[in-house]
Chemist: 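One structure is given below, represented as structure tokens, and several questions about it will come after.
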Amino acid sequence: MITMALLLAGWGLLAASQPRQFNRLVHHGRLSSRARTAMRSLGAILLLAPLMILMRAEGPSFGPLVWACLLSISAMAVALMLAWLPGAKSAT
Amino acid sequence: MGPTFRASMNWLHTWSGVVLGSLLFAIFWMGTLSVFDKEIDRWMMPASRLALPPDFSYETMRPAYLAALAAKSPSVLLLVPNQRNPVITALWRGPDGSFAQHLFDPGTGAELPDQGTLGGSRFIYPFHYSLNLKVLGLGYWVVGLCGMMMMVLCVSGVVIHRKIFVDFFTFRPERKIRRATLDLHNVAGVLGLPFHVVISVSGLVILFSLYFPSSIWAVYRQDARLFGREAYGSYVRPPAKRAADLISLDAIVAKAKSVWGQGEPNYLYVFNPGDSASYVQLNRASADVVSNISYVAYVDGTTGELLSASRPEKPAALTQRFIAGLHFIQFEHWTLRWLYFVLGLAGCVLIATGLLFWVESRRDRHRRLGRSGARVVEAVTVASVTGILIATLAFMVTNRALPAGASVLGVERGAIEVSVFHLAWLLTLLHAWASTGRAWIGQCWMISGLASLAVLLNAVTTGDHLIKTIATPQLWSVAGVDATLLIAAFIAIRVALRLARGARPDAASLQGADQR
Amino acid sequence: MTKTLARTALAILGGYLGTSAFIAALAMIAVATVGMERSEAATLGSMLGFLIYLGVIIWSFAEPALVRVALWLGGVTALSLAVVFLLRPVAS
């Protein structure tokens, strides 16, 4: 549960750091390059943290496997959420 | 096949996708269901919905062994009951040469009535790796080629995708169906890429000695059978033609456990039953490890001595077993099981949207030019996507509708179910051809109807309705199947309604079409 | 159309035969030179076969000159079979 939330947040940040998605989420303004770097690094950390958690909880063989599966599924979930985000402009 | 590398890959991706897409979908669909083959078995074999006794004795398997002995079978495979499969399963060759499965109660050892079905583990699962085509082992080779081509499709797909990172999360259901389909194809493909690649390569690696035997032939020459002995420590000896009783099964298991320590066996394979040269092959259940085979032991059936034991520690063999284990998911891990199921569905979405995109890109042009290509592919696509779902559901509905021991014109119950599957599949193809354009809607309604009917029939014929199954832990496998069927029915209704509105048949539709 | 069929046959069947011959030679070389165990060399060769075959299929469809595909596949097959034949006394 926690790991899934972290992964969703991580992918979410990475997605939001993309100009196309950022424009949809925030209807005005531009993302400064520093903010983008910060979002990307934080997003990457949020994606890696669950690996550590799962390694400890599930062991060295099941941990990475669960993480790899969750990584794909959470990314798909973020893509679907962005598609039906209320109030967001259509992506171009 | 094109002026540039990318153009060649585009051609390769498009055409291998269209030609093999339907088969790939069938393989992925059956593979996804096979993740829960044992749960489907419980659903289709009501007498096997048992609780595992808290203190199981291996001697409980003796009646199963004696039944095989009475049938004069040269060997008998006894599967040890576990949480997912709480029955003693015995497989032996009958006097007429046919291989038959018999189920026994894990508490008393008594034989359970014949359930008259192949169920998940003997119809759906073998369909996944052999299409149930037994002639010349053709099915294995077709599936093997599809597995190879799935990898080719993954590689060529990545090559031709122009904006992988820009489009990483891009999915626009509100756009034209052609664009939305491609978006979904990209999202399912790119984000699920590690799974698609690993699942294809591991599926092939399981059968490495079938698909690429030349390296074995080269180094072993005439005696290729030595390979099994040297690589996995397998052991064979002929019967001595002298009668002898099998010693206590508990003692045999204890002997094997003295080799590998912790962990129960997942099967006892008795060779030469009733003979003084009988021996038992035991394999440690890989419940707690990813790798598929960890330890094998051979115990003498009359003296209880250890004949041969192997713990694979050679790097290549270990790698092979690990990769195979990734595909087999025989470990006890419910989270991973569900994750594989979801990713398998993502694979189905990937293949279905790929086929749809081909049709959508050509439909108008082909109609204008009077060509039938798009129409043919669309009909085949409908039949291979919603069609196989309908066929699977018809298979399950038939299972619950037929009374025990039923037979029609001398055809047994289990064979009737399989015939219904094939007949239903054929009918969906005819329907798809007859009602082009509207076929998706009709078949979605069919899916929701059959899925609901299956849940209803299960409740009526076995009394195990959803409220009861959720409240009883030993019936959770049945609850899981029923719940998934209901979710599928719900999604199919929404898809049908959305498609019927005609406006924007969106992603929910494409995705929903694959949710069983 | 004929050309497409020829290329497909060459990639799928020719590629399979070429890969098979190549991994057979590879396994024998591993046994003869590095002294790898027979079962290990066979398993490793077989598993590498899938990756090599994948590369061969991709390349067969990417290479513009069909003749070159045929020559390469034929050459590798012949050479591999020669190796298998020559190493027979040493590696089995």
Side-chain angles (χ1 to χ4, degrees), chain B residues 1-9 11-13 15-16 19 144-145 147-152 154-156 159 197 200-205 207-224 226-233 312 314-321 323, chain C residues 3-5 7-8 11-13 15-32 36-66 69 77 80-81 83-85 87-92:
Chain B
M1 309 283 353
T4 62
F5 181 59
R6 182 174 254 166
S8 322
M9 288 302 106
W11 184 92
L12 182 58
H13 192 83
W15 290 101
S16 53
V19 172
L145 183 65
M148 262 333 284
M149 292 314 286
M150 183 69 195
M151 296 218 289
V152 170
C154 285
V155 173
S156 54
V159 171
V197 171
S200 321
V201 79
S202 58
L204 291 164
V205 164
L207 293 173
F208 73 102
S209 59
L210 172 73
Y211 291 139
F212 277 120
S214 64
S215 57
I216 302 173
W217 294 342
V219 292
Y220 283 92
R221 309 234 321 260
Q222 288 88 345
D223 38 27
L226 262 182
F227 172 69
R229 199 174 309 169
E230 286 185 14
Y232 300 114
K314 304 173 190 170
L318 273 181
T319 311
Q320 195 274 333
R321 290 327 300 174
I323 297 174
Chain C
K3 229 170 165 191
T4 308
L5 280 179
R7 191 182 284 270
T8 308
I12 304 294
L13 297 175
Y16 178 74
L17 291 178
T19 309
S20 290
F22 183 71
I23 58 165
L26 211 60
M28 288 191 102
I29 293 171
V31 173
M36 195 185 264
E37 251 183 89
R38 285 201 291 182
S39 68
E40 287 287 280
T43 308
L44 188 64
S46 213
M47 288 197 291
L48 284 177
F50 297 110
L51 295 180
I52 298 168
Y53 189 28
L54 172 66
V56 170
I57 297 177
I58 302 261
W59 167 75
S60 306
F61 282 99
E63 168 60 52
L66 193 54
V69 177
T77 311
S80 305
L81 289 177
V83 170
V84 170
F85 185 77
L87 285 180
R88 244 171 16 141
V90 204
S92 55

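The sequence lines fix the lettering, A, B, ..., with proteins before strands; numbering per chain opens at 1. Only heavy atoms go into these numbers, but all of them, side chains included; no hydrogens, no water, no symmetry mates.
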Chemist: Taking every heavy-atom pair that is under 4.5 Å apart, which of C/Leu66, C/Val84, C/Thr43 has the most such pairs with chain B?
Modeler: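 Winner by heavy-atom pair count: C/Thr43.
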Chemist: Working to the nearest 0.5 Å, report the span between CZ of C/Phe61 and OG of B/Ser156.
Modeler: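 C/Phe61 atom CZ to B/Ser156 atom OG measures 10.0 Å (nearest 0.5 Å).
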Chemist: Quick check for you: among C/Leu54, C/Leu26, C/Leu44, which has the greatest number of heavy-atom pairs under 4.5 Å with chain B?
Modeler: C/Leu54
Chemist: Checking heavy atoms, do the side chain of B/Met151, its backbone, both or neither come under 4.5 Å from chain C?
Modeler: both
Chemist: Given a strict heavy-atom distance threshold of 4.5 Å, which part of C/Ile12 is in contact with chain B: side chain, backbone, both, or neither?
Modeler: side chain
Chemist: Would the distance check show the side chain of B/Ser215 and the main-chain N or O of C/Ala27 forming a donor-acceptor pair, the cut-off being under 3.5 Å?
Modeler: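 Judged by distance alone, no pair lies under 3.5 Å.
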Chemist: Hey, what's the ring geometry for C/Tyr16 with B/Phe212, parallel, tilted or perpendicular (30° and 60° as the breaks)?
Modeler: parallel
Chemist: Looking at residues at least two apart in the chain, or sitting in another chain, which of them share a side chain to side chain contact (heavy atoms under 4.5 Å, CB included) with C/Glu37?
Modeler: B/Lys314, C/Ser39, C/Glu40
Chemist: Mind listing the closest non-hydrogen atom pair of B/Ser209 and C/Ser46 along with its distance?
Modeler: N-OG, 4.5 Å
Chemist: Can you tell me how far OG1 of C/Thr8 sits from CH2 of B/Trp15, rounded to the nearest 0.5 angstrom?
Modeler: 11.5 Å
Chemist: Of the backbone (N, CA, C, O) and the side chain (C-beta and beyond), which part of B/Phe5 lies under 4.5 Å from a heavy atom of chain C, both, or neither?
Modeler: side chain
Chemist: Pick whichever of C/Ala25, C/Ser20, C/Gly45 has the most heavy-atom pairs under 4.5 Å with chain B.
Modeler: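 It is C/Ser20.
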Chemist: Quick one: CG on B/Leu12 to CD1 on C/Ile58, what's the gap to the nearest 0.5 Å?
Modeler: 6.0 Å
Chemist: Report, as yes or no, whether the 6.0 Å neighbourhood of atom OH on C/Tyr53 holds more than 12 heavy atoms from other residues, nucleotides or ligands.
Modeler: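 Enclosed.
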Chemist: Determine the minimum heavy-atom distance between C/Ile57 and B/Met149, stating which atoms define it.
Modeler: CD1-SD, 4.4 Å
Chemist: Which distance, rounded to the nearest 0.5 Å, do you find between the CZ of B/Phe208 and the CZ of C/Phe50?
Modeler: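 One gets 8.5 Å once the value is rounded to the nearest 0.5 Å.
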Chemist: For chain B, which of C/Ala21, C/Gly49, C/Ala42 has the most heavy-atom pairs under 4.5 Å?
Modeler: C/Ala42
